[in-house]
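First comes the structure, then the notes that go with it.
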Amino acid sequence: MESKNFFNDVYDVVRQIPVGRVTSYGTIARFLGSALSARMVGWAMNACHGMPDVPAHRVVNRNGVLSGKHFFGSPTAMQELLEKEGVTVKNDNIVDFKNVFWDPATALL
DNA sequence: TAGTTGACTCTAG
DNA sequence: GCTAGAGCCAACT
């Protein structure tokens with residue numbers, strides 16, 4: 001299980017997402033150098049179930065939609081978490097997504 | 001071993 | 001403006 005280099009990178013980026021901010025799979029994928037590997041970010045999130053330090057709820061698709069909300073055990077768990085952190089979610093969509101959007105390339109660089 | 005799937009994104013029609 | 005198809009990589013069956 002030491003072959004999670006790509007996953008580890010994803011976790012590292014997601015872990016650095018500040019509270020009240022969200023990012024997208026493609027953004028992380030591109031930041032890692034694989035813009036077309038956005039799916040892999042999703043897979044990384046799928047494996048992040050054993051990583052309580054990885055706020056997967058702060059990672060959404062490029063539309064700001066909670067695509068993976070269903071994978072949190074409850075279809076509203078992701079929304080509840082985001083709203084609890086100050087992110088307004090409406091109908092599985094992040095309100096002012098552009099305002100709460102967090103770009104690793106801008107924050108880390 | 002090989003085939004299919006998947007929490008995405010982009011380009012083309 | 002919306003719908004459809006293609007692409008990437010790893011895990012699961």
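Values below: all heavy atoms of this structure, side chains included; hydrogens, waters and symmetry mates excluded. Labels below follow one simple rule: chain letters A, B, ... track the order of the sequence lines, proteins then strands, and each chain is numbered from 1. If you're wondering where the values come from, they're calculated on a predicted model, not measured in any experiment.
The number of heavy atoms from other shown groups lying within 6.0 Å of CZ (A:Arg30) does not exceed 12. Taking a 6.0 Å sphere around NE2 of A:His49, one finds it holds more than 12 heavy atoms contributed by other residues, nucleotides or ligands.
Residues A:Met51 and A:Val14 are not in side-chain contact: their nearest non-hydrogen atoms beyond the backbone lie 4.5 Å or more apart.
Using a 4.0 Å heavy-atom criterion, one finds that A:Asn46 contacts the bases of the nucleic acid, with or without backbone contacts as well. Here A:Ala56 lies in heavy-atom contact (under 4.0 Å) with a base. Using a 4.0 Å heavy-atom criterion, one finds that A:His49 contacts the bases of the nucleic acid, with or without backbone contacts as well.
A:Tyr25 places no side-chain N or O within donor-acceptor distance of the main-chain N or O of A:Met40, the cut-off being under 3.5 Å. In this structure a side-chain-to-backbone donor-acceptor pair under 3.5 Å is present from A:Arg58 to A:Ile17. With hydrogens and angles ignored, the 3.5 Å screen pairs no side-chain donor or acceptor of A:Gln79 with any backbone N or O of A:Pro75.
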Pairwise N/O distances under 3.5 Å, protein to nucleotides 8-10 of chain C:
residue	atom	partner	partner atom	Å
C:dC8	O2	A:Leu36	O	3.1
C:dC8	N3	A:Arg39	NH1	3.1
C:dC8	N4	A:Arg39	NH1	2.9

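The pair A:Arg21-A:Glu85 fails the salt-bridge criterion, with no side-chain N (NZ, NE, NH1 or NH2) lying under 4.0 Å from an Asp/Glu carboxylate O.
Checking A:Ser67 against A:Asn61 by side-chain atom types alone, a donor-acceptor pair falls below 3.5 Å.
Bounding nucleotides for the chain A contact on DNA chain B, 5' to 3', at a heavy-atom distance below 4.0 Å, are B:dG6 to B:dC10.
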